[in-house]
Chemist: 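Here's a structure for you.
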Amino acid sequence: MGRKKNQDNEADEREDITVTLTLDDDRELECAIITIFEAGGRDYIALLPLDDVEAEEGEVYLYRYSEEGGQPELENIQDDEEYEIASDAFDEFLDTQEYDQIVSEEDLEDLE
């Protein structure tokens with residue numbers, strides 16, 4: 001249980017961190033970090049746009065993620081195959097999170 005709690009705290013801390021993207025049209029877009037995850041031997045980051053009127057509700061942006069000298073670096077995913085790998089891994093992450101929430105709710109019900 002303690003380990004799970006730590007994972008939840010780490011996820012909560014990441015949700016509080018935002019990233020500002022500069023789009024191709026030089027607009028700046030603030031995004032919340034959903035998670036950083038590994039897929040196909042590379043790291044990726046999933047971002048949720050905040051207050052973007054053009055984004056569809058629930059739309060998530062995926063970028064290749066790395067760190068240079070302690071600073072985060074985001075790169076566009078140019079290859080369809082690579083995007084599919086990252087997207088599938090993110091979907092698996094979401095499935096795991098939903099499962100964890102279901103288990104947590106059941107655990108709470110058992111305690112009552």
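Since this is a predicted model, take the numbers as computed values, not measurements.
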Chemist: Look up atom OH in Tyr83 and atom OH in Tyr44, then write down how far apart they are to the nearest 0.5 Å.
Modeler: 11.5 Å
Chemist: Of the non-hydrogen atoms in Ile85 and Gly40, which two are nearest, and what is the gap between them?
Modeler: CG2-N, 4.0 Å
Chemist: Checking side chain to side chain donor-acceptor pair (under 3.5 Å) against Arg64, which of Glu73, Gln78, Glu75 comes through?
Modeler: Glu75
Chemist: Take atom CG of Asp79 as the centre, draw a 6.0 Å sphere, and report whether it contains more than 12 heavy atoms from other residues, nucleotides or ligands.
Modeler: yes
Chemist: If you compare all heavy atoms of Cys31 against all heavy atoms of Pro49, which two are closest, and at what distance to 0.1 Å?
Modeler: SG-CA, 3.8 Å
Chemist: Could you tell me which non-hydrogen atom of Ser87 sits nearest to which non-hydrogen atom of Leu62, and how far apart they are?
Modeler: CA-CD1, 3.8 Å
Chemist: Atom CG in Asp91, atom CD in Glu84: separation rounded to 0.5 Å?
Modeler: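 One finds 8.5 Å between CG of Asp91 and CD of Glu84.
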Chemist: Atom OG of Ser66 and atom CD of Gln71: how far apart are they, to the nearest 0.5 Å?
Modeler: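 Ser66 atom OG to Gln71 atom CD measures 11.5 Å (nearest 0.5 Å).
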Chemist: Assess whether side chain to side chain contact (heavy atoms under 4.5 Å, CB included) is satisfied between Leu50 and Thr18, documenting all intermediate values.
Modeler: CA-CA 9 Å; Leu50 303 172; Thr18 61; 4.0 Å; yes
Chemist: Nearest heavy-atom pair of Asp26 and Thr22: which atoms, and what distance?
Modeler: CA-CG2, 4.1 Å
Chemist: Nearest 0.5 Å, please: how far is OH in Tyr63 from CG in Asn76?
Modeler: 5.5 Å
Chemist: With no hydrogens and no angle check, do the side chains of Thr20 and Glu28 hold a donor and an acceptor under 3.5 Å apart?
Modeler: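 There is no such pair between these side chains.
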Chemist: Atom CD1 in Ile36, atom CD1 in Ile45: separation rounded to 0.5 Å?
Modeler: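 Taking CD1 in Ile36 and CD1 in Ile45, the distance rounds to 4.5 Å.
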Chemist: What distance do Phe37 atom CZ and Leu94 atom CG have between them, rounded to the nearest 0.5 Å?
Modeler: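 Spacing of CZ (Phe37) from CG (Leu94) equals 9.0 Å.
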Chemist: Under a 3.5 Å distance rule, please check whether Glu38 uses its side chain to pair with a backbone N or O of Gly41 as donor and acceptor.
Modeler: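 Side chain of Glu38 to backbone of Gly41, a donor-acceptor pair under 3.5 Å: yes, one is there.
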Chemist: At their closest point, which heavy atom of Tyr61 faces which heavy atom of Leu21, and how far apart are they?
Modeler: CD1-CD1, 3.9 Å
Chemist: Minimum heavy-atom separation for Ile77 to Ala86, with atom names?
Modeler: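 For Ile77 and Ala86, the tightest heavy-atom pair comes out as CD1-CB, 4.2 Å.
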Chemist: Should the heavy atoms of other residues, nucleotides or ligands under 6.0 Å from CD of Glu67 be counted, would the total exceed 12?
Modeler: yes
Chemist: Between Leu47 and Val60, is there a side-chain heavy-atom distance shorter than 4.5 Å?
Modeler: no
